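Below is one structure, written out as structure tokens; comments come after it.
In this text the structure is predicted, and so the values were computed from the model without any measurement. Any value given below was found using the heavy atoms of this structure, including those in side chains, with hydrogens, waters and symmetry copies removed.
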Amino acid sequence: MAKPKEKTPMCLVNELARFNSIQPQYKLLNESGPAHSKMFSVQLSLGEQTWESEGSSIKKAQQAVANKALTESTLPKPVQKPPKSNVNNNPGSITPTVELNGLAMKRGEPAIYRPLDPKPFPNYRANYNFRGMYNQRYHCPVPKIFYVQLTVGNNEFFGEGKTRQAARHNAAMKALQALQNEPIPEKSAQNGESGKEMDDDKDANKSEISLVFEIALKRNMPVSFEVIKESGPPHMKSFVTRVSVGEFSAEGEGNSKKLSKKRAATTVLQELKKLPPLPVVEKPKLFFKKRPKTIVKAGPEYGQGMNPISRLAQIQQAKKEKEPDYVLLSERGMPRRREFVMQVKVGNEVATGTGPNKKIAKKNAAEAMLLQLGYKASTSLQDQLDKTGENKGWSGPKTGYPEPTNNTPKGILHLSPDVYQEMEASRHKVISGTTLGYLSPKDMNQPSSSFFSISPTSNSSATIARELLMNGTSPTAEAIGLKGSSPTPPCSPVQPSKQLEYLARIQGFQV
């Protein structure tokens, strides 16, 4: 049993002061020291006697001065009460009833308590004289001793006490003394009986209608309930319900359909329980074949066309090896022209990759590692060059310009057909001085290849357009004009605002 909570010195001082009819007084005298380690001085007064003590907190100082007062005080001290002895003489905090329940559970025999209180006498007549009601209220006979009968298996014990719980404890103590030395009975001999009792306990929690349906389901028998008769006035009707279970049928009557149905099920259930038990059929064990793990063939050509990062991870998983470890080594370059260096480690192999962002650098490092491990490239060299050119040229959203062909010279601005038409018309106007001509809608519907045919004229036109947009003058146009029969006036410089306005009108955006 756990020790009772000991009283603190302050509590004992309060008891001492109460016993001597005086009031204890605690007074804070001083506090010193820095904020993180203060010391407090407290004074205690009991009558004419005073004590002082210190502590790291006010509470600790009070407890210390109270302890000092208890040892040095000359006041008469109260008599300490002896600790309460255990009524049941049972060591520990477990009561006899709880201990008996554990023992009965081990034995497989429930402990059942039945009260044996005396019943009132049959010839007793109640006094209906209300004048003496007050005296009857406070002087009615009350039994002073309670009796309890305890049954554990085939053994019976009787207990008595001032309360019903005390009587139960008394009976449990007698049962413990008698049963603790007896051997625990074997459960194997009563397996059949205990199984039936368990089934009966389970069935006791179910309704009669549910039991009828369960038995019918086990024996493949149809069940039907039908109200065959309804009689009586509206406020007191009587219903008769018939239940049919295979060859068995029964009827039940009640003042509600539910009650009549329940009574009919109770009647037919008695007949169903008389049927012989069903033979026990062992269900065959189902054996499930384990699905073989899909083995990924990590050949040199495995995963071509996949993302190199995913491809490398799948190859490592197929080999049942550790996944690749990526580490960012460095960042270099200007703020808008950053270059990242990523390193990948697979086992003892190490490879690096660079790119304008971490994603591309990681992808290039994975591709380098695949090539180092002997696998073929994930994408063709031409696709890599195209993607690299796109990434280096512009990192923002893609515009609607046609993609360059292999025959197009580097550094030329690629324009859509309508822009090319306007630039071609401007070139004719500047060089030859002819009027500005536009293509007809019929010509506009032609495919773009007709506008970008590979010829010297188209190349020179593109060069002139680029020079006009960038510088405002076109040396190429002047050279072509000098080669011609008639001299052409020199091209006047075009202001940047005019160039921007021209491009806005051609491309369809506002400035």
Minimum heavy-atom distance between Gly254 and Ser260, given as atom pair plus value: N-CB, 3.7 Å
Derivation and outcome, salt bridge (Lys or Arg N to Asp or Glu O under 4.0 Å), residues Glu214 and Lys206: CA-CA 10 Å; Glu214 284 185 7; Lys206 297 178 182 177; 3.0 Å; yes
4.5 Å side-chain heavy-atom contact, Leu272 and Phe248: yes
Any side-chain donor near an acceptor of the partner, Trp51 and Gln43, under 3.5 Å: no
Atom pair CG/CD of Asp325 and Glu323 - distance to nearest 0.5 Å: 10.0 Å
Any donor-acceptor N/O pair, Asn364 side chain to Ile360 backbone, under 3.5 Å: yes
Exercise: identify the closest heavy-atom pair between Val243 and Ala264: CG1-O, 3.5 Å
Contact summary for Gly355 and Ala361, nearest pair of heavy atoms: N-CB, 3.7 Å
Contact summary for Pro308 and Lys363, nearest pair of heavy atoms: CD-CE, 3.6 Å
Minimum-distance pair of heavy atoms, taken over all atoms of Ala61 and Gly55: CB-N, 3.7 Å
Between CZ on residue Phe157 and NZ on residue Lys174, distance to nearest 0.5 Å: 10.0 Å
Side chain to side chain contact (heavy atoms under 4.5 Å, CB included) partners of Glu331, counting only residues at least two apart: Leu328, Arg338, Phe340, Lys358
Side chain to side chain, Leu370 and Glu367, heavy atoms closer than 4.5 Å: yes
Main-chain N/O of Leu70 paired with Ser73 side-chain donor or acceptor, under 3.5 Å: no
Check: Asn101 side chain, Thr97 main-chain N or O, donor-acceptor pair, under 3.5 Å: yes
Backbone of Gly33 reached by a side-chain donor or acceptor of Ser37 within 3.5 Å: no
Side-chain heavy-atom pair Thr74, Gln49 within 4.5 angstrom cut-off: yes
Check: Ile309 main-chain N/O paired with Asn307 side-chain donor or acceptor under 3.5 Å: yes
Short side-chain donor-acceptor distance under 3.5 Å, Glu31 and Ser41: no
Flag, side chain of Lys68 to backbone of Glu52, donor-acceptor distance under 3.5 Å: yes
Side chains of Val350 and Gln343 in contact at under 4.5 Å (non-hydrogen atoms): yes
Check: Gln372/Glu349 side-chain N/O donor and acceptor closer than 3.5 Å: yes
Close side-chain approach of Gln316 and Val346, heavy atoms under 4.5 Å: yes
Which atom of Gln270 lies closest to which atom of Lys274, heavy atoms considered: O-CG, 3.4 Å
Heavy-atom side-chain contact between Leu179 and Leu103 under 4.5 Å: yes
Check: Tyr375 and Arg311 side chains under 4.5 Å, non-hydrogen atoms: yes
Straight-line distance of Lys38 NZ to Asn30 CG, nearest 0.5 Å: 10.0 Å
All pairs passing salt bridge (charged side-chain N to carboxylate O under 4.0 Å, His left out) where residues 237-246 contributes a residue, at least two apart: Glu230-Lys237, Arg242-Glu251
NZ (Lys262) with more than 12 external heavy atoms under 6.0 Å: no
Side-chain (Lys261) to main-chain (Ile209) donor-acceptor, under 3.5 angstrom: no
Phe158 and Leu116, any side-chain heavy atoms less than 4.5 Å apart: yes
Whether over 12 other heavy atoms sit under 6.0 Å from Gln180 CD: yes
Side-chain (Gln25) to main-chain (Ser45) donor-acceptor, under 3.5 angstrom: no
